[in-house]
S.K.: 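First the structure, then my questions, so here it is.
If you read the sequence from its start, that first residue is 1, and numbering goes on from there. On a predicted model such as this, the values are computed, not experimentally measured, just so you know.
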Amino acid sequence: MCGITGWVSFDRDLRAEGRVLDAMTETMACRGPDDRGVWAEGPAALGHRRLAIIDLPGGRQPMTAATPGGTVALVYSGETYNFTELRAELAGLGHAFTTGSDTEVVLRGYLQWGEAVAERLNGMYAFAVWDGRHQRLVMVRDRMGIKPFYYHPTADGVLFGSEPKAILANPLARRRVTADGLREVFAFVKTPGHAVWDGMREVEPGTIVTVDREGTRTRTYWRLETRPHPHDRDETVATVRSLLDDIVRRQLVSDVPRCVLLSGGLDSSAMSALAAHQLKDAGETLRSFSVDFAGQSDHFVADELRPTPDSPYAHDVARLAGTDHRDIVLDAQALADPEVRAKMLTARDMPVGFGDMDASLYLLFQAIREHSTVALSGESADEVFGGYLQFFDEEARRGATFPWLVRHAETLGDDTGVLRRDVLDTLDLPAYVGDSYAGAAAVVERLDGESDFEYRMRTISHLYLTRFVRVLLDRKDRASMAVGLEVRVPFCDHRLVSYVYNAPWALKTFDGREKSLLREAAADRLPKSVYDRVKSPYPSTQDPKYAFALQEHAKDLLARPGHPVFDLVDREALRRLAHREAPQIRQASRRGLERALDLAVWFDLYRPEVALA
């Protein structure tokens, strides 16, 4: 797991631009604390920061191969879980290997198959190949968008990087955000390809972007496709279990210490239990970690979104699976720490956070990194198997908008109420969301003979798998890589995603509950408490001290009336929130405070030029 960056300029020799390439590369230091490397030849320059996971001495990058037609150079971030099989296949085709790394397998695979190598990879990855034989750059991103990848076309080439900060370190990129960028920050729709920063784009999941002297071209090598589901209930459950066993086995491969993120929910519990069983057969004990908040278990108050605390269930799984478990307990002061907020904003490059849930994720990963370098997560099982409340909410099922936006403000809080009225009028978020939804829903293919209801549920699944999950995957990647921790997401294996996506909704809920297929597939490894548990999302602190700390930080911000954040934030709206009695700060109000503070820190860190006209 690493950070990559690079620059292609067909009108200059980039060997003279070492200082700029170094600056771009060093922005990725958190993603790759173990090693660095740069390479330049003519119009191409590549930079790499390495987090060593497989073949610690042999996986240095950029990695190059000399050919009669020119040098082929690669910078690669991620993991290829089927690299052993691909290595054997390539060796049979005559390729000689000098390392045991998956990076060399990808490089040799490109030499053999060209950009079609992407279709053979199972994993999470973002990589760029400079092909000196054809004077072109090839950028490839994994199918689900697990690893981030951005690029910025220039007058004579392109800049690219794992994160926007690498691109912004080049003087050719302006730190400018237009109205469309701000719409993306606030609308919560994750438009494919959108990068918030003006002039910048994402390499879309499942896509190859090629840049040469003729321009830029894109090709989609994978997308969610509608197909008939071939199996009955028993066969489907058995297939899901077989896939999960294979996926977990592949994703446990590591030359450094690994662990699991265990919340006590069905997703992480199933994944943790399967992983623990596999390692136990090999004579190893799996480490597991959970996040909790000081006093939360003793003073937990159930609500519609979170009916139960996590800790008791996580402990049940740890006991049954025999993991070496540790709770990471956080207090309100740590969650509200301005330094933590600044680190998360730096990690994400844009103010698109989740408040205390971002802070707790960062602090959890920071604590885990003291013990492990690789962690497996249950992320994305809700999107794959249909676990969110909105899958069962009639209003969300009937609504002509993204299902997670139905009652979004009342459950997660309204973070737009703190904006100035003229800004809201300019952004016109309802129209932006409406247009985005229409485009997202239009690409969903209907199966021949599929009922209206099944097609609607297919559409909701597609929206979660192509829009919502990418928000969570980006958040997970940025928070983990900010502390040099690799987080793997078994439920994002494209084989599992495709298979379950095409299972009819009636089959996904055959027992009348959410995630029926996953529950039954892992039933023999789960404690009864978790098997019966009602869905509960990632935890959020209930400590009123957290809200009080936010108010104090907001008052400090209000004492800086000339701060550029007030070009966006309504000063009086923020003042009302900052002086409301702390016990009255509900989730909706708290999100307004968090958003205003995020925007202020973003202005302080990035000095963006905001152009709304």
Side-chain angles (χ1 to χ4, degrees), residues 244 248 251 258-276 286-297 300 302-303 305-330 335 354-369 371-372 374-389 412 468-469 471-473 475-477 479-480 485 487-492 513-515 518-519 522 525-542:
L244 288 174
V248 169
Q251 298 199 19
R258 70 234 139 147
C259 67
V260 292
L261 308 178
L262 175 58
S263 71
L266 175 61
D267 314 340
S268 67
S269 297
M271 180 268 302
S272 298
L274 294 174
L286 180 67
R287 285 177 170 170
S288 58
F289 294 88
S290 296
V291 67
D292 197 7
F293 306 111
Q296 181 112 321
S297 295
F300 181 80
D303 58 29
L305 198 61
R306 296 179 178 86
T308 52
D310 285 343
S311 290
Y313 300 92
H315 295 166
D316 285 350
V317 176
R319 279 191 295 269
L320 182 63
T323 69
D324 177 6
H325 185 74
R326 179 173 301 191
D327 292 324
I328 306 300
V329 181
L330 308 173
L335 293 171
F354 287 78
D356 72 294
M357 292 184 285
D358 268 0
S360 65
L361 196 66
Y362 174 86
L363 293 168
L364 170 65
F365 290 157
Q366 186 179 59
I368 290 174
R369 186 62 175 86
H371 308 276
S372 297
V374 171
L376 272 64
S377 165
E379 194 81 87
S380 83
D382 282 312
E383 289 82 3
V384 174
F385 290 97
Y388 290 114
L389 293 175
L412 293 179
F468 189 83
V469 76
V471 175
L472 301 186
L473 290 173
R475 169 177 173 258
K476 181 88 74 182
D477 177 89
S480 60
L485 177 71
V487 176
R488 299 175 178 177
V489 278
F491 292 114
C492 274
R513 302 182 60 189
E514 79 283 356
K515 293 182 286 194
L518 176 58
R519 182 180 293 101
R525 300 291 175 204
L526 296 173
K528 189 175 187 304
S529 60
V530 172
Y531 182 90
D532 292 334
R533 189 185 183 193
V534 176
K535 160 73 181 171
S536 185
Y538 185 85
S540 178
T541 182
Q542 296 181 340

S.K.: Measure the spacing between CD of Q366 and CG of L330 and express it to the nearest 0.5 Å.
M.R.: 10.0 Å

S.K.: Nearest 0.5 Å please: distance from the CG atom of D292 over to the OG atom of S263.
M.R.: 11.5 Å

S.K.: Of all the heavy-atom pairs spanning Y531 and R519, show the shortest one and how long it is.
M.R.: O-NE, 3.0 Å

S.K.: If you look at every heavy atom in L286 and A276, which pair is closest and at what distance?
M.R.: CD2-N, 3.6 Å

S.K.: State the OG-CG distance between S268 and D310, to the nearest 0.5 angstrom.
M.R.: 8.0 Å

S.K.: How about R319 and H325: does a side-chain donor come under 3.5 Å of a side-chain acceptor?
M.R.: no

S.K.: Below 4.5 Å, heavy atoms only, C-beta onward: do L262 and V317 meet side chain to side chain?
M.R.: yes

S.K.: Show your working on side-chain contact (heavy atoms from CB on, under 4.5 Å) between L376 and V489 and close with a plain yes or no.
M.R.: CA-CA 6 Å; L376 272 64; V489 278; over 6 Å; no

S.K.: Counting neighbours of CZ on R513 that are heavy atoms of other residues, nucleotides or ligands and sit closer than 6.0 Å, is the number greater than 12?
M.R.: yes

S.K.: Salt bridge check: are D316 and K528 linked by an N-O gap of less than 4.0 Å?
M.R.: no

S.K.: Keeping the roles fixed (side chain from S360, backbone from M357), state whether a donor-acceptor pair exists under 3.5 Å.
M.R.: yes

S.K.: Roughly how far, to the nearest 0.5 Å, is the NE2 atom of H315 from the CG atom of L320?
M.R.: 14.5 Å

S.K.: Tell me, please, whether Y538 has R475 positioned over its six-membered ring: NZ or CZ under 6.0 Å from the ring centre and within 45 degrees of its axis?
M.R.: yes

S.K.: At what distance, to the nearest 0.5 angstrom, does NZ of K535 lie from CG of D267?
M.R.: 5.5 Å

S.K.: Evaluate the criterion side-chain contact (heavy atoms from CB on, under 4.5 Å) for residue pair L261 and F365; output intermediate values, then yes/no.
M.R.: CA-CA 9 Å; L261 308 178; F365 290 157; 3.7 Å; yes

S.K.: Which atom names give the shortest non-hydrogen contact between M271 and P490, and what distance separates them?
M.R.: CG-CG, 4.0 Å

S.K.: Given the rule in the side-chain contact (heavy atoms from CB on, under 4.5 Å) test, do S290 and I328 qualify, once you have shown the distances and angles that lead to the verdict?
M.R.: CA-CA 6 Å; S290 296; I328 306 300; over 6 Å; no

S.K.: Determine, for E379 against K476, whether the closest basic-nitrogen to carboxylate-oxygen distance falls under 4.0 angstrom.
M.R.: yes

S.K.: Indicate yes or no for a side-chain donor-acceptor contact from R287 to the backbone of D324 under 3.5 Å, with no hydrogens or angles considered.
M.R.: no

S.K.: Determine the minimum heavy-atom distance between Y362 and A479, stating which atoms define it.
M.R.: CD1-O, 4.1 Å

S.K.: Can a cation-pi geometry be assigned to R533 and Y313, taking NZ or CZ under 6.0 Å from the six-membered ring centre and within 45° of the ring axis?
M.R.: yes

S.K.: Using a 4.5 Å cut-off on heavy atoms from C-beta on, say whether the side chain of V374 contacts that of R488.
M.R.: yes

S.K.: Taking all atoms of both residues into account, what is the closest heavy-atom pair of L518 and A270, and its distance?
M.R.: CD1-CB, 4.1 Å

S.K.: Quick one, L244 with F491, criterion side-chain contact (heavy atoms from CB on, under 4.5 Å). Give me CA distance, side-chain angles, the key distance, then yes/no.
M.R.: CA-CA 8 Å; L244 288 174; F491 292 114; 3.6 Å; yes

S.K.: Can you name the closest pair of heavy atoms from V260 and S272 and give their distance?
M.R.: CG2-OG, 3.4 Å

S.K.: Check the side chains of D356 and T541 for a donor-acceptor pair under 3.5 angstrom, ignoring hydrogens and angles.
M.R.: no

S.K.: So, Y388 and E383: side-chain donor and acceptor under 3.5 Å apart, yes or no?
M.R.: yes

S.K.: How far does OG of S311 sit from CG of D327, to the nearest 0.5 angstrom?
M.R.: 5.0 Å

S.K.: Can any side-chain N or O of D358 pair as donor or acceptor with the backbone N or O of F354 at less than 3.5 Å?
M.R.: yes

